[in-house]
Student: 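Mind having a look at this structure? Questions to follow.
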Amino acid sequence: MNIIELIQDGVIRAVKSLYGADIGAGDITMNSTRKEFEGDFTVVTFPFTRIARKKPDEIAEEMGRFLSREASYIQRYNVIKGFLNLSLSDAFWREFLADIYRNEKYGQQPPNGHKVLVEFSSPNTNKPLHLGHIRNILLGWSASRILEAAGYEVYKVQVINDRGIAICKSMLAWEKYADGATPASTGIKSDHFVGDYYVLFEQKFRAEYKAWQQSDDARALLREWLASKEAVKAEKEQAQKREKAQKELGAKAANGEVVTLNEADFTLETYFFKSFKDTYFNKYSTLGAEARAMLRRWEEGDAATVALWQRMNNWVYEGFNETYDKLGVSFDKLYYESQTYLLGKDMIERGLAEGIFYRKDDGSTWADLTDAKLDHKALLRSDGTSLYITQDLGTAHLRYQDFGVEKMVYVVADEQNYHFQALFEALKRLKEPYADGLYHLAYGMVDLPTGKMKSREGTVVDADDLIAEVVEEARLNSYERDTLAGLTTEEQQAIVNQIGLAALKFFIIKVHPRKRMTFDPKESVDLQGQTGPYVQNAYVRVQSVLRKGGEQALEAASAYEQLEAQERELLSQLYALPELVQTAAAEYDPSTIANYCYDLAKAFHRFYHDYSILNADTEAAKAFRLQLSQAVANALKLGMNLLGIEMPERM
RNA sequence: GGCCCCGUAGCUCAGCGGAUAGAGCAGCUGCCUUCUAAGCAGCUGGCCGCAGGUUCGAGUCCUGCCGGGGUCACCA
């Protein structure tokens, strides 16, 4: 029995003995005592008023008297209104600390024999990784680590979208304009190199489109559309958009920014050509035709095309791996869409045979999910080719065959919530054995202080740039402080990396995944306050004390009486760690771990400031505080590692 | 319009149905001859979007409304 269960048991006995009623542990409201009151745990006595027919404070008083008499682990109690604050005995805390301070695994659960797969990152291969991917990667990695700590055997995978029209655009642009240039010949990081050709394609295409807009064909189409009733609707929409833009403008102007409305954005012509872009690409564009031809050749297995595809994708992978290395993440297995996109058809056939799915007259296959409050979902095109969900069904099944996992977690942005609901529902209806263990770890988009990231407007924050920036900031700070003197350049660089990445990672992970977040680059490189480096600093302070203290015989701690309130506070926080890890795993929520680490670091910084460890009044106090510091450092290291953040020994 | 998510201090975010709603940043003020000041302490700052309801007790649960976002493809 842990202490919480012991107290609950005591309360149950108290209620029985004092009021003659039987209650269960679930009837007891208990939390850790707020900092401003004395005590470790608090029992709320309001709920017992009906049973006891007494006032809450009387109940608390009677219960407190009972517990301090009957339960040896209770040292003192006090009553404030209906709250019974219990202080555990010094002996209890001493033994708890002696138990854990050497245990670097404290907080982790032993293996539970269950397997879980986590999919994250899963980028397209036409562009380098950006800030949105970083949130995805950090959440996925952290969720994986947390599940491991909760006892699961975890498999980390990604699905790489290596096929389709996007990569063909890069390929085509490279073929047409690169003149044989390579990442090696240009010295450009290889994924950026490929991304540059994607951007180049878009530029050339846009120029082509713009020129075409003046053609007779285009003018005729525009005239025709202007006469349609769609244009009437569009007119209203554009007017609304203009109004909204004007309002935002007003706000900016009040801030002293000088901005003007671009009237051309709100004309019907602009609207038409914007909405016509895809049609133009597919029906009129020369470049579009060439890109689609390339896609067709790829699908037919044309050797030269496949070779180019292979070559460019490899460049991208090489670049991605560099970024993953910098972020300190890795995967157990990669799935490539080019190899999985045909999977799933058999499952759909089976579903069709079993009457779970149905086929429309036009030959397309559908799932009717309306009774699950979802819609009808298309599973196969009328020509029998597969869709995104077709592949997802197949990939899920394949992964089950590969790893035999009972659970699968998909770390994917929340814009795909509906897709995953439909996918999970379809898998459930197919009676897949893992169907009840599916979870979509959905996260909100990352905005900038200036608004949404838009690739068209060049406001996308590049992952590599961002990492370099936070590390550089850490380097400048460290240089100013001059605390790393005596270390080699490599050692210093390693520490500066750890600090910069801690700032970035902590800044992103501390926000609850579900929430859309604003990423302020300026704040993300902050090294003070509620940040990763703040937590690291608490750990480093402990290491410094331990170094100065040398080898200590810590048995004297058993003679330490009268723990200080701040020591109890730290112990109480340490006590909460194992359950916190399990909750974080059950809820797939790394942000709680980040907040815990911050709270613990904060409490330690205060303790460190207010009390001397090495110069404590007695040998017992010194030994006890060394144990306590060690335990705090272990907990911080474990917690931060669950977030994918490394701890330096000095900083 | 239907469904889903969000709304807490000037800004970014915490907050298990329980006590006087908390941090950080920003602003102002103190503390380094003492274990690393990437630290500590103090001040300033709140109709927890609004309105009802459930409850001994609601920022937290329920309903409605308002505001923001997402999504409603034989795209991914």
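In the text below, chain A, chain B and the rest are named by the order of the sequence lines, each starting its count at 1. Values below: every heavy atom of this structure, side chains too, minus hydrogens, waters and symmetry copies.
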Student: Suppose you measure atom P in B/G1 against the same atom in B/U60; what distance do you get, rounded to whole Å?
Tutor: 26 Å
Student: Between B/C62 and B/G17, how far is it from one P atom to the other, in whole Å?
Tutor: 11 Å
Student: Compute the ring centroids of A/Y410 and A/Y439, then answer whether they are less than 6.0 Å apart.
Tutor: no
Student: Using the C1' atom in both, what is the distance from B/G59 to B/C50, to the nearest Å?
Tutor: 14 Å
Student: Check if the side chain of A/T42 and the base of B/A19 share a donor-acceptor pair of N or O atoms closer than 3.5 Å.
Tutor: yes
Student: Which sits closer to the 5' end of RNA chain B, A/F519 or A/I499, going by the nucleotide each is nearest to?
Tutor: A/F519
Student: Select one nucleotide: of B/U71, B/C35, B/A41, the one nearest the side-chain heavy atoms of A/R606.
Tutor: B/A41
Student: Can you tell me how far C1' in B/C13 sits from the matching atom in B/G18, rounded to whole Å?
Tutor: 23 Å
Student: Which label fits B/C50, syn or anti, where anti is any glycosidic angle not within 90° of 0?
Tutor: anti
Student: May I have the distance from A/I495 (atom CD1) to B/A38 (atom C1'), rounded to whole angstrom?
Tutor: 13 Å
Student: Does A/F83 stack onto the base of B/G18, taking stacking as ring centres under 5.5 Å apart and planes under 30° apart?
Tutor: no
Student: Has A/F46 got its ring stacked on B/G18, by the test of a centre gap below 5.5 Å and a plane angle below 30°?
Tutor: yes
Student: Would you say the ring centroid of A/F83 lies under 6.0 angstrom from that of A/F46?
Tutor: yes
Student: When rounded to the nearest Å, what value does the distance between P atoms of B/C11 and B/G46 take?
Tutor: 12 Å
Student: Rounded to the nearest 0.5 Å, how far does CD1 of A/I499 lie from OG of A/S478?
Tutor: 5.5 Å
Student: What's the closest nucleotide to the A/N85 side chain, out of B/A38, B/A19, B/C56?
Tutor: B/A19
Student: From CZ of A/F420 over to P of B/U71, roughly how many Å is that when rounded to an integer?
Tutor: 14 Å
Student: Base of B/A19, side chain of A/N31 - is there a donor-acceptor contact under 3.5 Å?
Tutor: no
Student: Of A/M651 and A/T49, whose nearest nucleotide on RNA chain B comes first from the 5' end?
Tutor: A/M651
Student: Check for me whether A/K377 meets the cation-pi criterion with A/W366, that is, NZ or CZ under 6.0 Å from the six-membered ring centre and within 45 degrees of the ring axis.
Tutor: no
Student: What integer number of Å spans the P atoms of B/U44 and B/A21?
Tutor: 15 Å
Student: Counting only side-chain heavy atoms from C-beta out, which of B/G24, B/A76, B/A14 sits nearest to A/H512?
Tutor: B/A14
Student: Under 4.0 Å: is that the gap between some side-chain N or O of A/K602 and OP1 or OP2 of B/G24?
Tutor: yes
Student: Give the rounded distance in Å between these two atoms: CE of A/M517 and C1' of B/C11.
Tutor: 13 Å
Student: Are more than 12 heavy atoms, taken from residues, nucleotides or ligands other than A/Y479, located less than 6.0 Å from that residue's OH atom?
Tutor: no
Student: Between B/A37 atom P and A/D526 atom CG, what is the distance in whole Å?
Tutor: 19 Å
Student: Considering only atom C1', compute the distance from B/G67 to B/C48 and round it to an integer number of Å.
Tutor: 16 Å
Student: Identify whether any heavy atom of A/R50 sits under 4.0 Å from a base atom; if not, whether one sits that close to sugar-phosphate; answer base, sugar-phosphate or nothing.
Tutor: sugar-phosphate
Student: Check whether A/F604 forms a cation-pi arrangement with A/R541 (NZ or CZ under 6.0 Å from the six-membered ring centre, at most 45° off the ring normal).
Tutor: no
Student: Quick check for you: among B/A37, B/A14, B/A38, whose closest atom lies nearest to any side-chain atom of A/K515?
Tutor: B/A14
Student: May I ask you to check if A/K169 and A/F281 form a cation-pi contact, with NZ or CZ under 6.0 angstrom from the six-membered ring centre and within 45° of the axis?
Tutor: yes
Student: Quick check on A/E579: does its CD atom have over 12 non-hydrogen neighbours (other residues, nucleotides or ligands) under 6.0 Å away?
Tutor: no
Student: If the P atom of B/G22 is compared with that of B/G45, how far apart are they to the nearest Å?
Tutor: 15 Å
Student: Of the nucleotides B/G18, B/A38, B/C11, which one has an atom closest to the side chain of A/N537?
Tutor: B/A38
Student: Any side-chain N or O of A/R381 less than 4.0 Å from the OP1 or OP2 oxygen of B/A73?
Tutor: no
Student: Between A/H605 (NE2) and B/A23 (C1'), how many Å, whole number?
Tutor: 14 Å
Student: Does the ring pair (Phe, Tyr, Trp, His ring centres under 6.0 Å) test come out yes or no for A/H440 and A/F424, once each step is laid out?
Tutor: CA-CA 9 Å; A/H440 174 206; A/F424 294 170; 7.1 Å; no
Student: In dot-bracket, 5' to 3', how would RNA chain B read with Watson-Crick or G-U wobble pairs under 3.5 Å, [ ] for crossing ones and | for pairs to another strand?
Tutor: (((((((..((((....[...)))).(((((.......))))).....(((((..]....))))))))))))....
Student: Please determine, for the side chain of A/Y534, which listed nucleotide (B/C25, B/C40, B/C35) has the closest atom?
Tutor: B/C40
Student: Does atom CD of A/E646 have more than 12 heavy-atom neighbours from other groups under 6.0 Å away?
Tutor: no
Student: It should be established whether A/K81 places a side-chain nitrogen or oxygen under 4.0 Å from OP1 or OP2 of nucleotide B/G18.
Tutor: no
Student: Does B/A37 have OP1 or OP2 sitting under 4.0 Å from an N or O in the side chain of A/R481?
Tutor: no
Student: From the list B/C35, B/G69, B/A38, which nucleotide is the closest neighbour of the side chain of A/R516?
Tutor: B/G69
Student: Indicate, with a heavy-atom threshold strictly under 4.0 Å, whether A/V511 touches base, sugar-phosphate, or nothing.
Tutor: sugar-phosphate
